Amino acid sequence: MRPLVAAAALLASCAVAQARGSGGYSDAVDAGNTLSGNYLSAVVAGAARDTSAAAFFYREALRDDPRSADLTERAFVSLLAEGSYPEAVKLAERLAAGRDSRNGLAQLVLGVRDIKAKQYAKARQRLAAGGRNRTADLTATLMTAWSWLGSNNLKKAIETIDSVKGEESIAVFRNYHAGLIAEVGGDKVEAEKRLKGAYEAESRTLRMVDVYGRFLARVGKRKEALEVYKTFDKLLPRHPLVTAAIATLESGGNLEPAIADVPGGVAEVLYGLGAAGNRTGDELAAMIYLRLSLWLEEKNGLAVITLADIYDRMKQSERANDTYDMVLATSPLRRSADIQIALNLEQLDRKDEAVKQLEAVVAKNPTDVEALTALGNVYRSRKEFEKSAETYGKAIAAIGTPDQGHWTLFYFRGISLERIKQWPKAEADMKKALELYPEQPLVLNYLGYSWVDQNVNLDEAFKMLKRAVEQRPTDGYIVDSLGWAHYRLAQYDEAVRILEKAIDLKPSDPVINDHLGDAYWRVGRKLEAKFQWNHARDLKPEPEDLPKILEKIEKGLPDDKPAAEAEGKPAEPKPEQKTNGG
């Protein structure tokens with residue numbers, strides 16, 4: 001990079017950072033000052049996947065050069081990803097009226113606008129005018145099919161759907177939307193045939209289950225609907241949408257249709273494409289499809305949760321929380337959204353707000369296992385182990401008879417109890433976790449290591465650790481536990497061999513570096529030992545570990561200290577903090 005360009009890019013990145021810190025991009029120092037400054041700031045923001053900043057800076061740059069086709073298209077995409085629909089539509093009109101009249105995305109947006117206005121013939125013209133690729137063809141065809149239903153031509157709508165050709169996954173999509181179109185169009189026989197075919201091919205997909213279950217319930221097949229939901233509940237227990245549907249059916253209530261009208265059907269097309277893009281890691285395309293879906297059907301909680309999940313994955317917790325907050329208060333997904341908001345507040349170091357948020361969820365339902373588990377995870381991540389053990393205990397009491405899906409509760413409570421020196425209770429929880437989920441590698445690792453640490457049940461402990469490593473040979477934490485167990489039994493050569501593997505897998509973990517330093521010292525490789533301890537020191541170890549590491553750097557290990565008295569705990573992988581929102 002040339003020096004002047006590099007300097008400009010650095011200034012641009014500073015502008016983006018200042019804009020973030022100010023709480024609003026309108027306060028950014030360089031905004032509006034120069035075209036090049038705004039453009040470079042937008043590029044930097046886009047590279048950082050900060051769509052909000054990119055949209056702001058492209059908007060500012062476009063004011064200085066409104067005729068630039070490149071700026072127009074970049075601003076259009078960024079504004080669309082942000083959900084700034086009126087501005088995005090204006091730019092789409094400009095693109096469609098210019099030399100890039102076959103801009104597929106611009107025509108798609110204008111087509112969505114026309115469908116929202118129920119101008120279906122006009123929408124078909126827009127969709128036919130867009131550029132073509134595989135995804136665009138599928139999108140345009142499905143949307144066109146729905147537009148024919150809007151024009152009261154069910155036959156043409158089904159024929160258009162059936163023109164979609166492709167592999168099995170495309171066939172599922174085709175049957176799914178043909179079934180939805182037939183249902184909205186009043187042809188229950190065709191709808192059942194198509195939706196049944198789609199469900200049988202994708203019975204493990206939440207949205208497919210919910211759509212098919214709702215259809216069955218609405219045509220009077222409540223028993224079959226209940227079986228559809230309960231079968232999925234065994235696969236993915238306690239999903240809020242499924243739990244709510246089962247409760248409604250068992251109480252004699254009615255389920256609303258998944259899709260009520262043509263705009264809702266087109267929103268479903270766009271949601272499906274956005275969800276697919278999210279799964280494949282194409283964040284920008286996924287965000288655009290999801291935003292367009294929500295423009296048509298803002299009540300779709302699954303689309304909101306999926307969009308928020310993208311922000312979470314991009315480490316934009318505040319944007320994620322703003323998005324989670326879009327879930328309607330009446331939606332079964334609202335509780336999951338509130339829990340995830342709390343977990344993000346914890347990540348943002350807004351700890352009091354995080355606990356207050358979770359306590360508010362628990363206050364509404366003191367037996368809410370998901371909320372109690374999340375609160376326990378927060379306390380455990382803070383090393384407030386007495387609170388976490390107590391909270392997990394409340395969750396365990398709330399579940400009644402545990403099943404395999406509850407193994408983590410006993411595992412996490414066991415960790416908490418072990419850390420507050422209540423080993424007999426901790427051991428019982430670890431054994432219960434293994435009873436619920438035999439051969440679970442994390443539990444094998446923790447229990448096996450703890451036994452080695454106490455010099456009890458050694459044969460079974462080593463078998464456990466070896467089985468854990470066999471299942472997760474690339475998990476540095478688990479490999480470290482096996483190596484450290486060898487160290488504790490003075491099997492130093494074997495400890496070195498295994499701990500070196502652990503370092504290759506997790507080179508930046510201070511505990512593993514510290515362990516390898518100890519093993520090196522015991523086999524006489526003292527220079528290498530001090531190198532590993534220095535590395536462990538520089539990797540920001542836990543405060544209680546740092547003095548021990550510094551002492552070893554200065555004095556080494558005492559030659560007369562038995563290995564079985566060495567310090568160490570099994571490394572605990574970070575807890576999973578995502579909730580299941582779809």
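Computed from a predicted model, the values in this text were never measured in an experiment. Just so you know, residue 1 is the first one in the sequence shown, and it goes up from there.
- Among residues two or more places apart in sequence or in another chain, the salt bridge (Lys or Arg N to Asp or Glu O under 4.0 Å) test is passed with Lys315 by none.
- By the 4.5 Å heavy-atom criterion applied to side chains, Tyr229 and Leu255 are counted as neighbours.
- Looking at every heavy atom in both residues, Val378 comes nearest to Leu358 through CG2-CD1, 3.9 Å.
- Partners of Glu353 by salt bridge (Lys or Arg N to Asp or Glu O under 4.0 Å), not counting sequence neighbours, listed by chain and number: Arg350.
- To the nearest 0.5 Å, atoms CG (Leu241) and CG (Asp210) are separated by 5.5 Å.
- Summarising the geometry of Gln440 relative to Leu434, their closest heavy-atom pair is N-CD2, 3.9 Å, with the distance given to 0.1 Å.
- Summarising the geometry, atom CG belonging to Asp518 is positioned 11.0 Å from atom NZ belonging to Lys548; distances are rounded to the nearest 0.5 Å.
- Not one N or O on the side chain of Thr243 forms a donor-acceptor pair closer than 3.5 Å with the backbone of Pro240.
- Put simply, the side chain of Arg419 does not reach to within 4.5 Å of the side chain of Lys383, judged on heavy atoms.
- Atom CZ of residue Arg335 and atom CG of residue Asn365 lie 8.0 Å apart, to the nearest 0.5 angstrom.
- Across every non-hydrogen atom of Ala461 and Val452, the tightest pair is CB-CG2, 3.6 Å.
- Asn344 places no side-chain N or O within 3.5 Å of a backbone atom of Glu318 that could act as its donor or acceptor partner.
- Checked for salt-bridge contact, Glu370 and Arg238 miss the test: no charged N lies under 4.0 Å from a carboxylate O.
- No salt bridge links Asp312 with Arg319; every basic N to acidic carboxylate O contact stays at or beyond 4.0 Å.
- In this structure, the side chains of Asn457 and Met464 stay at 4.5 Å or more apart for every pair of heavy atoms.
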Worksheet entry | Worked check of side-chain contact (heavy atoms from CB on, under 4.5 Å) between Tyr311 and Asp322 | CA-CA 10 Å; Tyr311 286 122; Asp322 289 342; over 6 Å; no
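- Shown here are the side chain to side chain donor-acceptor pair (under 3.5 Å) partners of Glu386, two or more places apart in sequence or in another chain: there are none.
- Scanning for salt bridge (Lys or Arg N to Asp or Glu O under 4.0 Å) contacts around Arg291 gives an empty result, with sequence neighbours left out.
- Side-chain contact check for Glu427 versus Trp451: some heavy-atom pair is nearer than 4.5 Å.
- Considering only residues two or more places apart in sequence or on other chains, Glu297 meets the salt bridge (Lys or Arg N to Asp or Glu O under 4.0 Å) condition with none of them.
- For Tyr379, there are no ring pair (Phe, Tyr, Trp, His ring centres under 6.0 Å) partners at least two apart in sequence or on another chain.
- Heavy atoms only, all atoms of each residue included: Pro402 and Phe410 are closest at CB-CE1, 4.0 Å.
- Scored by the side-chain contact (heavy atoms from CB on, under 4.5 Å) test, Asn278 finds Ala286, Thr306, Asp309, Ile310, Arg313 as partners (sequence neighbours excluded).
- Legend: residues meeting side-chain contact (heavy atoms from CB on, under 4.5 Å) with Arg204, ordered by chain and number and at least two apart, are Leu235.
- Applying the ring pair (Phe, Tyr, Trp, His ring centres under 6.0 Å) criterion to Phe232, with sequence neighbours excluded, gives no partner residue.
- For Ala275, the side-chain contact (heavy atoms from CB on, under 4.5 Å) partners two or more places apart in sequence, or in a different chain, are Tyr271, Arg279.
- Taking the side chain as every heavy atom from C-beta outward, Pro441 and Ile478 approach each other to under 4.5 Å.
- The CG atom of Asn321 sits 9.5 Å away from the CG atom of Leu343 when rounded to the nearest 0.5 Å.
- In plain terms, the two heavy atoms of Glu283 and Gly281 that are nearest each other are OE1-O, 2.7 Å.
- Atom OG of residue Ser317 and atom CG of residue Leu345 lie 9.0 Å apart, to the nearest 0.5 angstrom.
- The shortest side-chain heavy-atom distance between His515 and Tyr487 does not fall under the 4.5 Å cut-off.
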Item to complete: Under the side-chain contact (heavy atoms from CB on, under 4.5 Å) rule, what do Leu499 and Asp480 come out as? Steps first, then yes or no, please.
Response: CA-CA 6 Å; Leu499 289 169; Asp480 170 70; 3.2 Å; yes
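- The side-chain heavy atoms of Val242 and Ile246, taken from C-beta on, include a pair separated by under 4.5 Å.
- Between Asp514 and Lys552, the shortest heavy-atom contact is OD1-NZ, 2.7 Å.
- A salt bridge does not link Glu202 to Arg207: none of the charged nitrogens lies less than 4.0 Å from a carboxylate oxygen.
- Tested against Tyr289, the residues Leu80, Leu273, Asp282 include a single side chain to side chain contact (heavy atoms under 4.5 Å, CB included) partner, Leu273.
- Put simply, the side chain of Val511 does not reach to within 4.5 Å of the side chain of Trp484, judged on heavy atoms.
- Within a 6.0 Å sphere centred on NZ of Lys351, other residues, nucleotides and ligands contribute more than 12 heavy atoms.
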Discussion item. With side-chain contact (heavy atoms from CB on, under 4.5 Å) as the criterion, how do Asp429 and Tyr392 come out once you've worked through the C-alpha distance, each side chain's angles and the decisive distance to 0.1 Å?
Written reply: CA-CA 11 Å; Asp429 273 352; Tyr392 290 133; over 6 Å; no
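- Taking a cutoff of 4.0 Å between a charged side-chain nitrogen and a carboxylate oxygen, Glu256 and Lys299 do not qualify as a salt bridge.
- By the side-chain contact (heavy atoms from CB on, under 4.5 Å) test, Glu435 is found to be paired with Lys432, residues two or more places apart in sequence or in another chain being considered.
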Discussion item. Using the rule given for side-chain contact (heavy atoms from CB on, under 4.5 Å), can you reason through His239 versus Asp233, listing the C-alpha separation, both sets of side-chain angles and the distance that settles it, and then say yes or no?
Written reply: CA-CA 7 Å; His239 190 284; Asp233 189 56; 6.0 Å; no
Discussion item. Checking His535 against Asp538 for the side-chain hydrogen bond (donor to acceptor under 3.5 Å, both in side chains) test, could you report, in this order, the C-alpha distance in whole Å, the side-chain angles of both residues, the deciding distance, and whether it holds?
Written reply: CA-CA 5 Å; His535 197 37; Asp538 296 339; 5.3 Å; no
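- Here Asp509 does not pair with Lys506 in a salt bridge; the nearest charged N to carboxylate O distance is not below 4.0 Å.
- Between the side chain of Thr248 and the backbone N or O of Ala244, at least one donor-acceptor pair lies under 3.5 Å.
- In this structure, Glu250 CD and Leu226 CG are separated by 5.0 Å, a value rounded to the nearest 0.5 Å.
- With sequence neighbours left out, the ring pair (Phe, Tyr, Trp, His ring centres under 6.0 Å) criterion links Trp295 to Tyr85.
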